[in-house]
Amino acid sequence: MEAVLEIQEVLRTSGRITVLTGAGISAESGIATFRGDGGLWDKYKIEDVATPEAFKRNPELVLEFYNMRRRQLLNVKPNPAHFALARLEEAVRDRLTLITQNVDDLHERAGSNRVLHMHGELTQARCTSCSQVVPWTGDISVTDRCESCGEALRPHIVWFGEVPFHLETEIPQALEAEIFMAVGTSGSVYPAAGMVLEAKLRQKLTIEVNLEASENTPFFDHHLRGPAGVVLPEFIDACLATHK
Ligand code: BJW
Ligand code: ZN
């Protein structure tokens, strides 16, 4: 396949690859996506659970939404798509930048060491006052307090209207890579959804892995259609077949 040859050439000449992942990569692990049938936004309203205003109005409800999802992490495992990206990192090391919109820890559990969580992480809590971030595996309750300043804690999550992480340095640098690949994302939430366009404007090669067309499909040069857990390992292993 043409895309495989193009990636092999980039790898041969020590080029860089950036991969952006979304909820679709964790779907085969049993974690619901946001949009589409059975998605989280079918059952919950964004304005009730995923905005700073919602947290001010009803912190118990917002904490419960994220506590439920943090508990779910105990019952899920990385799938072959997460492992394929870990193999890619092992092969090309710091020439891969993995950016995820996901707040689960499945990339890390598959062996990826350098993951940029632009929308935060379920396994961390943040102080609502001094912004200190601490590891957190259990539930967060309204009575939990920051060890440094004594104020309330919140999930370390980027809600609508808040600024995603790593936008100043790491993500702009990553968009200079020769290849931009998006896996399992609908392309409907900015600024992540704008990355493919930025890559295209810089004349980079763009590849989409998705079950179906996304909102950004026209901006991708190549489309790999199918479940990420099947399509991505096949593709990455073919690309790495000639890599020493
Ligand atoms: C499979 C599969 C399988 C399924 N295999 N594929 C224009 C420009 C900039 C901003 C805006 C703008 N217009 C509006 C905004 C504001 C807003 C926004 O984008 N709103 C849109 C709804 C229009 N953005 C924000 O508020 C962001 N902040 C911001 O803009 O700050 C201002 C600023 C930016 C930059 C500089 C300075 C200032 C913050 C966004 C925070 C998003 N938060 C959420 C929830 C919190 C995290 C959580 O609870 O988990 O993050 S929303 C939700 O959507 C979550 C996700 O990370 C995000 C993206 O969803 P994703 O991953 O794409 O999932 P789905 O479900 O949408 O799609 C799944 C895909 O997988 C589908 O395509 C399936 O086909 C596919 N799939 N199974 C392969 N097995
Ligand atoms: Zn604090």
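Residue numbers run from 1 in the order of the sequence given. Each ligand, and each atom within it, is numbered from 1 in the order the structure gives. Values in this document were obtained by computation on a predicted structure and should not be read as measured data.
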| task | Below 4.0 angstrom from a heavy atom of I157, which ligand 1 atoms are there? Numbered from 1 as shown, please. | result |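 That gives atoms 46 (C), 47 (C) of ligand 1.
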| field | Protein contact of atom 38 (C) of ligand 1 - nearest heavy atom, named by residue and atom, plus distance | value |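 Ranking protein heavy atoms by distance from atom 38 (C) of ligand 1, first comes V163 CG2, 3.9 Å.
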| query | Closest non-hydrogen protein atom to atom 12 (C) of ligand 1, residue and atom name please, with distance? | reply |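 Of the protein heavy atoms, Y190 CB, 3.8 Å lies nearest.
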| task | Under 4.0 Å from a heavy atom of E212: give me the atoms of ligand 1 that qualify, with their elements. | result |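 Reading through ligand 1 atom by atom, the close ones are 75 (O).
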| field | Location of contacts on A192 toward ligand 1, heavy atoms closer than 4.0 Å | value |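 It is neither part, as no heavy atom is under 4.0 Å.
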| Numbered atoms of ligand 1 (with element) below 4.0 Å of E162, judged on heavy atoms |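 So the answer, numbered in order with elements, is 27 (C), 28 (N), 29 (C), 31 (O), 39 (C).
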| request: Please identify which atoms of ligand 1 are closer than 4.0 Å to at least one heavy atom of G184. | output: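 Once the distances to G184 are compared, the set is 6 (N), 69 (C), 70 (C), 71 (O).
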| task | Would you check the N or O atoms of G161, main chain and side chain alike, for any that come under 3.5 Å of an N or O of ligand 1? | result |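 It does: an N or O of G161 is found under 3.5 Å from an N or O of ligand 1.
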| field | For atom 3 (C) of ligand 1, the protein heavy atom that lies nearest, with its residue and separation | value |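 I find the closest protein heavy atom is G24 O, 3.3 Å.
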| Within the structure, does at least one protein heavy atom fall under 4.0 Å of atom 16 (C) of ligand 1? |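 It does not: no protein heavy atom is found less than 4.0 Å away from atom 16 (C) of ligand 1.
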| Hey, is ligand 1 close enough to A23 that some N/O pair sits below 3.5 Å? |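 Right, the criterion is met.
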| query | For atom 43 (N) of ligand 1, which protein heavy atom lies nearest, and how many Å away is it? | reply |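 Protein heavy atom at minimum distance: V158 O, 3.2 Å.
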| task | Kindly confirm or rule out an N or O of N102 lying under 3.5 angstrom from an N or O of ligand 1. | result |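 There is no such contact.
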| task | Would you mind checking if R71 and E64 are paired as a salt bridge, meaning a charged N to carboxylate O distance below 4.0 Å? | result |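 Yes, this pair counts.
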| request: Just need the protein heavy atom nearest to atom 78 (N) of ligand 1, so name the residue and atom and give the distance. | output: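 For atom 78 (N) of ligand 1, the nearest protein heavy atom is L211 CD1, 3.5 Å.
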| request: Identify, by atom number and element, the atoms of ligand 1 in contact range of E28, meaning under 4.0 Å from any of its heavy atoms. | output: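 Those of ligand 1 that fall under 4.0 Å from E28 are 3 (C), 5 (N), 80 (N).
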| ligand 1 contact on V189 by region, counting heavy-atom pairs under 4.0 Å |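 Contact part for V189 vs ligand 1: both backbone and side chain.
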| query | So does D104 pair up with R69, basic N to acidic O under 4.0 Å? | reply |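 So D104 does not pair with R69 through a salt bridge.
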| task | Of the side chain and backbone of S214, name the one, both, or neither that has a heavy atom under 4.0 Å from an atom of ligand 1. | result |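 No part of S214 is near ligand 1 at this cut-off.
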| request: Quick one: sort the W159 and F55 rings into parallel, tilted or perpendicular, breaks at 30° and 60°. | output: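 Judged by the thresholds at 30° and 60°, the geometry between W159 and F55 is tilted.
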| said: Using a 3.5 Å cut-off on N or O atoms only, is Q101 in polar contact with ligand 1? | reply: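 N/O-N/O distance under 3.5 Å: yes.
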| request: Taking only Lys NZ, Arg NE, NH1 and NH2, and the carboxylate oxygens of Asp or Glu, determine whether E162 and R126 approach each other closer than 4.0 Å. | output: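 Here E162 does not pair with R126 in a salt bridge, since their nearest N and O are not under 4.0 Å apart.
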| request: Could you list the atoms of ligand 1 found under 4.0 angstrom from a heavy atom of V103? | output: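 Within the 4.0 Å cut-off of V103, ligand 1 contributes 47 (C), 50 (O).
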| task | Could you check atom 5 (N) of ligand 1 against the protein and tell me its nearest heavy-atom contact, residue, atom and distance included? | result |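 Protein heavy atom at minimum distance: A228 N, 2.9 Å.
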| message | Is there a polar contact, in the sense of an N or O pair closer than 3.5 Å, between F34 and ligand 1? | response |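 It does: an N or O of F34 is found under 3.5 Å from an N or O of ligand 1.
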| query | So is there a nitrogen or oxygen of N210 less than 3.5 Å from a nitrogen or oxygen in ligand 1? | reply |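 Yes; at least one N/O pair falls below 3.5 Å.
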| query | Mind checking whether S188 has a heavy atom under 4.0 Å from ligand 1? | reply |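 For ligand 1, residue contact (heavy atoms, under 4.0 Å) with S188 is present.
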| request: Flag L167 as yes when one of its N or O atoms lies below 3.5 Å from any N or O atom of ligand 1, and as no otherwise. | output: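 It does not: no N or O of L167 is found under 3.5 Å from an N or O of ligand 1.
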| task | Would you mind checking which non-hydrogen protein atom is closest to atom 20 (N) of ligand 1, with the distance to 0.1 Å? | result |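 Checking every protein heavy atom, the shortest distance to atom 20 (N) of ligand 1 gives F160 CE2, 3.7 Å.
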| Using heavy atoms and a threshold below 4.0 Å, how should the contact between T33 and ligand 1 be classified: side chain, backbone, both, or neither? |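 Both parts.
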| request: Give the contacting part of R69 toward ligand 1: side chain, backbone, both or neither, where contact means a heavy-atom distance below 4.0 Å. | output: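 It is the side chain that gets close, since no backbone atom is under 4.0 Å.
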| field | Expected output: side-chain H82 to main-chain R109 donor-acceptor under 3.5 Å | value |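 Side chain of H82 to backbone of R109, a donor-acceptor pair under 3.5 Å: no, none is there.
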